[in-house]
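Below, each value reflects all heavy atoms present in this structure, side chains not excepted, and no hydrogens, waters or symmetry copies.
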Amino acid sequence: MCPSTMPYRVSQWGVVLLLFIAAESIAHEACADDATIQKCRQQFADYTGAEVVFSRDDLPPGRYHDILKPLAMENRLRAVEICLEEAKLYPPGYFAEMGLTTIGVFAVCASKRTSDDWREFDRQVGGYRYYGIYNGTDALAAAFYSDGQLALTLHHEIFHHVDSTVDGETGKWNLGVDDFNYRRAIEGAKPYTAAAIAIDDLKELRGKQSGYPLQTTVSAYAAKNLREDQAETARHFMSMMKSSLVQIADQPELPGSQRILHILREYESAVPDGPGIDWFVNTALQRNQLRRNNSEITIDATLLRLRDFAHQGERGYAGVDGRCDEARMVLRWITQLPRDSLEVDQCDRVFDLAASVTVALTMARLQPDESRSTFLIWGREDSNGVNQTLRRDVRRIASDCMRSQII
């Protein structure tokens, strides 16, 4: 008989001891896993300003599927890792800035009713399976059936929130605002121009691209309505970023390219300093945006730029006149600096200049007249008596003030 299979005697107390040791080992492993999950969740929160949850009770109020089956503990770490990986395709703090607070991940998302005649009833689950859902205000729930599916679902549902948000203000009224322009773009009536991507970057993208250009729509589900069409386009873009960027530069006339160009505009307009084409090019080429900026822009150079922006001139905003977006990009960069990267005297100068630039950005859009009793503003009232341009300016000013508080 092989020694490894020889029988041996173990006392009753020995069995108890072995069971105790095994239980302690399992408990220790579970605690370690939970600690790792919490650490990863904290990394997600630090980067996005939102949180990942696994319980329906931890979701904010809103409309969700009838069935949200809790995710098994052994799958939670991988779920958070996927959420963090995909979140890094967006700028730091982007979720929080546009009011997306919570992402719930579940083993199953299902509803007891459906309007989709092709969706089959799952008797084991007790409903019709779905990939995910956006609650319409500040959260989404996603099923974790596979790694690839969860990633795609996240981008699809995140875009629903992007589509509902303009300059940081979320509301259902934003959903249909862009539909007319979207339809005209993909029909060729009023198309977007080709994406302006630097020649060297485009050459590098062409060399690294994989996949296929999007000719028309992403999937049959996109035909449901324009909102789903855009959300499907968004998840295609995020999963095939290099080839998508190449096609909107080389083949802008394709209906698929027009779809991509439109959703890129939506990403940028969701918050005052939304990600433009440069952000996605750098992301696709796997450049660490913050590290890249830190290596190229010194603190002294930043102080010089701030001083230039803070120049008041006769009107009080000469330094930012025609360069508001550029000034906001520098201010946003400052908020991402590590706390220990500035000396004490530099901190004071940066804050004073940043505050002056923020005031100048305000005066560029909202300025008292000579009598100082009324204000000169941009835009006109619509048929409902609302100045949408002024409303947008006020939201931007509020965002600028919040950024100053962070600085």
Does the pair S164 and T170 meet the rule for a side chain to side chain donor-acceptor pair (under 3.5 Å), with working shown?
-> CA-CA 5 Å; S164 303; T170 303; over 6 Å; no

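- With sequence neighbours excluded, no residue satisfies salt bridge (Lys or Arg N to Asp or Glu O under 4.0 Å) with R307.
- Closest of all the heavy-atom pairs between F280 and M238 is CE2-CE, 3.6 Å.
- For the residue pair R206/Q209, the side-chain donor-acceptor check at 3.5 Å is not satisfied.
- Looking only at distances, no side-chain donor or acceptor of Q215 sits under 3.5 Å from a matching main-chain atom of L254.
- Shown here for E228 and H156, the closest heavy-atom pair between the two residues is OE1-NE2, 2.9 Å.
- The aromatic rings of H161 and Y134 sit perpendicular, their planes meeting at an angle over 60°, well past the 30° parallel limit.
- The shortest heavy-atom contact between V320 and A327 is CG1-CB, 4.0 Å.
- Under 4.0 Å is where a charged nitrogen must lie from a carboxylate oxygen, and between R328 and D400 at least one such pair does.
- Between Y94 and Y90, the angle of the ring planes stays under 30°, which puts this pair in the parallel group of the 30/60° scheme.
- Taking a cutoff of 4.0 Å between a charged side-chain nitrogen and a carboxylate oxygen, R129 and D122 qualify as a salt bridge.
- Side-chain N/O atoms of Y64 and N135 include a donor and acceptor closer than 3.5 Å.
- In plain terms, the two heavy atoms of A141 and F106 that are nearest each other are CB-CE1, 3.9 Å.
- Ion pair D116/K224 flagged as a salt bridge, since at least one NZ, NE, NH1 or NH2 atom sits closer than 4.0 Å to an Asp/Glu carboxylate oxygen.
- Ion pairing between E232 and R235 holds under the 4.0 Å rule for side-chain N and carboxylate O.
- Side chains of H262 and N181: no donor on one and acceptor on the other come within 3.5 Å.
- Classified by interplanar angle (parallel below 30°, tilted 30° to 60°, perpendicular above 60°), the ring pair W118/Y221 is perpendicular.
- Of the possible polar contacts, none joining the E266 side chain to the I263 backbone as a donor-acceptor pair under 3.5 Å is found.
- Ion pair E81/R78 flagged as a salt bridge, since at least one NZ, NE, NH1 or NH2 atom sits closer than 4.0 Å to an Asp/Glu carboxylate oxygen.
- Under the 30°/60° scheme for interplanar angles, the aromatic rings of Y212 and H236 are found to be tilted.
- Between the side chains of T165 and E169, not a single donor N or O lies within less than 3.5 Å of an accepting N or O.
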